[in-house]
Amino acid sequence: MPRALITGITGQDGLYLSELLLSKGYEVFGLIRGQNNPKHDLVRATVPGVQLVTGDLTDMSSLIRALEQAQPDEVYNLGAISFVAYSWENALLTSEVTGKGVLNLLEAVRLYSHDDPSRVRFYQASSSEMFGKVQEVPQRETTLLWPRSPYGVAKVFGHYMTINYRESYGMHASSGILFNHESPRRGPEFVTRKVSQAVARISLGLQEDLTLGNLDAKRDWGFAGDYVEAMWRMLQQPEADDYVVATGETHSIRELLDIAFAHVGIDDWARFVKQDPRFMRPAEVDLLIGDPAKAHDVLGWERKVDFPALVTMMVENDVEEQRALAGR
């Protein structure tokens with residue numbers, strides 16, 4: 001039975017990846033920070049087959065202890081401070097967790113592996129935010145990185161450190177450069193979930209309007225449940241490498257609003273949506289659209305859920321969730 005250790009187990013990717021690995025017969029361990037983590041019960045309820053171990057990406061000794069406890073064949077580093085807007089408010093903490101945390105885990109895995117550096121296969125969750133001020137469209141594995149947020153800068157550090165450990169120490173360390181991926185498990189601070197929750201509440205008469213920033217911002221959005229399969233496929237390859245995981249399509253916030261509101265029978269959403277400069281990024285990224293050709297060709301990976309189906313899935317989930325919370 002293969003064994004896997006997942007950091008960031010409480011996030012949407014951690015939950016979907018856990019379900020995938022459990023379905024494949026893995027023994028799955030999830031790293032969680034602190035005994036009183038408020039999401040402890042969420043993990044227990046969603047993926048009861050996962051064994052939780054305590055650890056912190058900023059504390060290498062705790063990571064070594066977690067590795068010794070889990071004895072993993074594969075390590076998936078999904079842990080990060082992942083809300084981009086927050087990274088401008090606390091660039092130092094973002095750098096410590098999202099950037100240096102990758103180094104801590106890589107070094108912990110190297111030390112744990114002793115004289116066989118490729119014994120434990122390592123996955124790093126890199127991000128399309130690394131492209132920032134994009135230098136070519138679409139973005140590929142070879143595109144120059146030009147991050148435009150402290151989060152993006154931290155991800156670039158982790159990405160290149162993963163490459164360095166692969167090339168310097170012979171570790172089987174791969175990075176997935178994942179473009180935006182969403183799901184009903186996405187946190188409410190992210191724009192897709194903010195929209196789906198608000199649309200659900202507006203349709204139920206529980207909320208009057210929705211305030212957003214740049215409605216013309218465009219992203220390459222996919223379904224998180226599809227993207228975790230690409231992560232797993234990377235670690236099954238004989239050689240480690242880096243892969244863009246994306247849909248190859250781009251959609252605007254306006255398109256997101258069109259589909260979300262239409263699903264609850266509202267064709268003209270303009271009267272429900274307000275704009276506020278506070279929700280504008282200090283430095284907006286340009287056109288993020290990924291070229292997943294390498295993931296298709298080498299990994300045999302294909303996305304299954306398209307953008308309209310993703311938005312519809314999220315709205316339907318939130319309508320049911322908000323209805324239940326309201327006792328309707």
Side-chain angles (χ1 to χ4, degrees), residues 3-24 26-60 62-63 65-67 69-70 72 74-87 90 93-94 96-102 104-105 108-109 122-127 129 151 154-155 158 176 178 180-194 196-197 222-232 313-314 317-318 321 325:
R3 299 162 71 95
L5 174 65
I6 302 172
T7 73
I9 190 73
T10 64
Q12 61 165 3
D13 291 8
L15 296 173
Y16 282 115
L17 179 60
S18 296
E19 289 174 337
L20 176 69
L21 296 181
L22 288 169
S23 74
K24 293 181 178 295
Y26 278 67
E27 191 168 358
V28 180
F29 296 80
L31 189 79
I32 195 163
R33 186 167 58 88
Q35 294 285 0
N36 297 317
N37 191 301
K39 291 190 175 181
H40 187 283
D41 291 341
L42 169 67
V43 179
R44 288 286 188 213
T46 308
V47 280
V50 171
Q51 301 174 58
L52 294 177
V53 296
T54 57
D56 191 321
L57 287 173
T58 64
D59 177 7
M60 192 192 302
S62 75
L63 298 177
R65 287 194 301 271
L67 288 165
Q69 184 175 346
E74 299 172 0
V75 171
Y76 295 85
N77 184 37
L78 313 183
I81 293 177
S82 57
F83 186 42
V84 178
Y86 176 77
S87 73
N90 202 327
L93 182 61
T94 299
E96 287 286 339
V97 177
T98 306
K100 190 180 175 184
V102 183
N104 289 338
L105 187 55
V109 170
F122 182 90
Y123 171 83
Q124 166 59 16
S126 291
S127 168
E129 288 287 332
Y151 169 81
K155 280 292 186 181
L178 269 59
N180 293 66
H181 47 291
E182 317 296 323
S183 76
R185 292 171 175 168
R186 190 54 135 159
E189 68 273 21
F190 292 87
V191 68
T192 48
R193 188 74 193 286
K194 182 178 180 180
S196 65
Q197 281 192 341
F223 173 49
D226 288 342
Y227 284 31
V228 298
E229 184 183 341
M231 301 176 187
W232 175 76
M313 174 200 306
M314 295 178 68
N317 172 83
D318 284 330
E321 188 175 277
L325 289 172

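- To the nearest 0.5 Å, atom NE2 of residue H181 and atom OH of residue Y227 are 8.0 Å apart.
- Judged as a side-chain hydrogen bond (donor to acceptor under 3.5 Å, both in side chains), the pairs with a partner in residues 3-12 (not counting sequence neighbours) are, in order, R3-E27, T7-N77, Q12-S183.
- The stretch residues 37-58 participates, sequence neighbours left out, in no salt bridge (Lys or Arg N to Asp or Glu O under 4.0 Å) pair at all.
- Side-chain contact between T98 and L93 is absent, with no heavy atoms from C-beta onward closer than 4.5 Å.
- Applying the ring-ring contact (aromatic ring centres under 6.0 Å, His included) criterion to F29, with sequence neighbours excluded, gives no partner residue.
- With sequence neighbours excluded, the residues forming a side-chain hydrogen bond (donor to acceptor under 3.5 Å, both in side chains) with E229 are R233, K304, listed by chain and number.
- By the side chain to side chain contact (heavy atoms under 4.5 Å, CB included) test, M60 pairs with I64, N104, E107, A108, L111, sequence neighbours left out.
- Qualifying salt bridge (charged side-chain N to carboxylate O under 4.0 Å, His left out) partners for E321, counting only residues two or more places apart in sequence or in other chains: R193.
- Annotation: salt bridge (charged side-chain N to carboxylate O under 4.0 Å, His left out) contacts of R186 (sequence neighbours excluded): E182.
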(request) Applying side chain to side chain contact (heavy atoms under 4.5 Å, CB included), run through H40 and L52 and close with a yes or a no. (result) CA-CA 9 Å; H40 187 283; L52 294 177; 3.6 Å; yes

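- The side-chain hydrogen bond (donor to acceptor under 3.5 Å, both in side chains) search around D226 returns none, not counting sequence neighbours.
- Considering CD1 of I9 and CG of L31, their distance stands at 9.0 Å, rounded to 0.5 Å.
- In terms of the side chain to side chain contact (heavy atoms under 4.5 Å, CB included) criterion, residue partners of S126 (sequence neighbours excluded) are, by chain and number, Q124, M130, H159, S175, I177.
- Checked against side chain to side chain contact (heavy atoms under 4.5 Å, CB included), T46 has the following partners two or more places apart in sequence or in another chain: L15, E19, L42, R185.
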